[in-house]
Amino acid sequence: MKFTNLTRRIEIGANSYYLEAGGHRLVLDSGMHPKFQGDEALPNLNALSGRRLDAIIISHSHQDHIGTLPVLMLRQPKARVFMTDATAAIGSVLLHNSVNVMTRQREETGLTLYPLFIHRGVDRAAELWQSCALRQTYTLSGERVPADSNETTFEFFDAGHVLGSTGVLLRTEGRTLFYTGDVNFDDQTIAQSAMFPEEKIDILMMECTRGDTPVPPTWSRAGEEKRFSQSLLEAFERGGCVLIPVFALGKTQEVLAMLHKLRREKTLDFPIYIGGLSSKISEIYDRRAQLGRRQLPRLQLLDELRPFVLNAETIHDAQTRPGRVYALSSGMMTPKTLSNIFAQRVVDQARHSIFFVGYADPESPAGILRNARPDEQVTLDADGSLQRVRCHIEQFQFSAHASRESLIAFAERLSPKKVLLVHGDPLAVEWMRARLATDLPNSEIVVPTPGMELEL
Ligand SMILES: [Zn+2]
Ligand SMILES: [Zn+2]
């Protein structure tokens, strides 16, 4: 079995991994880098040159896993593309939105490479996707077969991260490889914890997003929710609004569900604003509420919470109204996104608040702001001005990713012959490597060097 890490660096980056096994060639995930533009935003697809793929398997529809799929499909017209039904529904919405974002970026920066694909390209690509059910075995040509088939097969497992998210089990050459994708082993407000295989796995390929963040010993989700509602109350008492930068997929719906619980418990009731993309994805959550494993299956987010919807035009006139929550994407407050534009109106006003509820790259505007000291000067957009941080900033731990402790526990339970550590920044990956090297002395722990072919 041959393996090449197609990310450009050891980082969270643009996920994509090449595998050659059982006479087949396939790629797991085809992400877009959240921080870079142009070629740098793509996985290292040149490493595939001259190789014809049989299959592309997508773990879930976050931008860093599906964002460049239309580009890869154009280069690999013969490859079959597999994902869950929910991932397909969300992926198409997300990629259409990405066309709009890239078109705007081209206008602003003159980047002639952009957009990397157009709306018609997304529609054409989406027509070719094959939706696969969880816990069913498929061949790489998309046929359902028994799990003990001699062919090279794959099977999706619920990853508990966002709607449609999966881990992927490959069976080939009498061996098994399991890719966790992005996973959560704990329940969230909507998503239920992952249901991963407990069978013998030879090679485990594991995400490391939270590898450098220990969970405080006193942390509990219920306790964190309580602190969150108390902080909202205090923020409103200060006479300001609360901005919560969130990913359009996953974190928006989790925050809406949490706010619904506060309303139901009559703790707090207030108007909520979300972005257009978040609203479209929430619609998909609502449509599919009763279809899979989740909590609060009867909750219809848009009907119950009736959020006001802001978009790329209306955000420019949106007021910072006191007593309101603005749960806007992007989660990293990338320049020109709703959360970034709105944050510039909030950041130097002492009565307003920004609550961080999930992961943000430390170099992203959200990362910079969450680490800023009071009164420090920050620039949230290179085209904007320096601003003094006067608003109230708070952080909450509602990650959609597994804690490093639960990842280690999972790896120890499976005790695979090899562990490949991916999807983490260098410090995170190194912590995981060192810990697993001690805890699993009989396993080979590998951090795959980007672009280097490995024999597994
Ligand atoms: Zn994800
Ligand atoms: Zn990810």
Side-chain angles (χ1 to χ4, degrees), residues 5-17 27-36 41-43 57-69 83-84 86-91 93-95 97-98 156-168 179-186 188 190-194 196 205-213 245-255 277-278 281 284-285 329-332 334 357-362 364 366-367 398-404 406-407 420-426 428-429 432 448 450:
N5 177 357
L6 300 178
T7 64
R8 288 175 186 264
R9 290 161 219 91
I10 293 179
E11 60 177 1
I12 288 180
N15 290 273
S16 194
Y17 309 97
V27 159
L28 294 166
D29 283 341
S30 184
M32 185 184 279
H33 203 296
K35 265 197 301 192
F36 299 128
L42 290 159
I57 302 175
I58 301 294
S59 68
H60 69 291
S61 42
H62 269 146
Q63 186 77 349
D64 60 332
H65 296 260
I66 200 176
T68 56
L69 178 58
M83 62 189 82
T84 60
T87 295
I90 299 165
V93 167
L94 202 118
L95 291 170
N97 180 73
S98 175
F156 283 127
F157 288 77
D158 186 352
H161 169 63
V162 297
L163 180 61
S165 68
T166 59
V168 186
Y179 168 45
T180 60
D182 289 356
V183 53
N184 197 341
F185 293 109
D186 293 310
Q188 301 175 59
I190 293 180
Q192 287 186 1
S193 63
F196 271 2
M205 188 172 149
M206 191 156 75
E207 69 127 317
C208 299
T209 310
R210 288 175 69 195
D212 56 353
T213 350
V246 283
F247 290 108
L249 163 59
K251 201 42 70 65
T252 298
Q253 293 76 31
E254 293 289 343
V255 165
L277 175 63
S278 303
I281 294 174
I284 298 174
Y285 266 71
S329 70
S330 69
M332 303 216 200
T334 307
V357 293
Y359 174 80
D361 183 292
S364 68
F398 293 118
S399 181
H401 288 269
S403 66
R404 61 187 191 177
S406 60
L407 288 167
L420 304 180
L421 296 173
V422 296
H423 200 16
D425 288 330
V429 174
M432 295 282 290

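Note that ligands are numbered from 1 as they come in the structure, with each ligand's atoms numbered from 1 the same way.
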| task | Indicate if the distance from the Zn ion (ligand 1) to the nearest N, O or S atom of His161 falls below 2.8 Å. | result | yes
| query | Out of curiosity, Thr87 OG1 to Ile57 CD1, how far, rounded to the nearest 0.5 Å? | reply | 12.5 Å
| Between atom OG1 of Thr334 and atom CE of Met332, what is the distance when rounded to the nearest 0.5 Å? | 7.0 Å
| said: If I take every N, O or S atom of Asp64, is at least one of them less than 2.8 Å from the Zn ion (ligand 2)? | reply: yes
| task | Answer yes or no for His60: is there an N/O/S atom below the 2.8 Å cut-off from the Zn ion (ligand 2)? | result | no
| note | With His423 as partner, the option from His65, His401, Glu207 fulfilling side-chain hydrogen bond (donor to acceptor under 3.5 Å, both in side chains) is His65
| query | Is the closest side-chain donor-acceptor distance between Thr68 and Ser30 under 3.5 Å? | reply | yes
| field | Opening angle at the Zn ion (ligand 2) [NE2, His423; OD2, Asp182; to 10 degrees] | value | 110°
| Option passing side-chain contact (heavy atoms from CB on, under 4.5 Å) with His60 (candidates Leu163, Val162, Thr84) | Val162
| task | Provide the atom name of the closest N, O or S atom of His62 relative to the Zn ion (ligand 1). | result | ND1
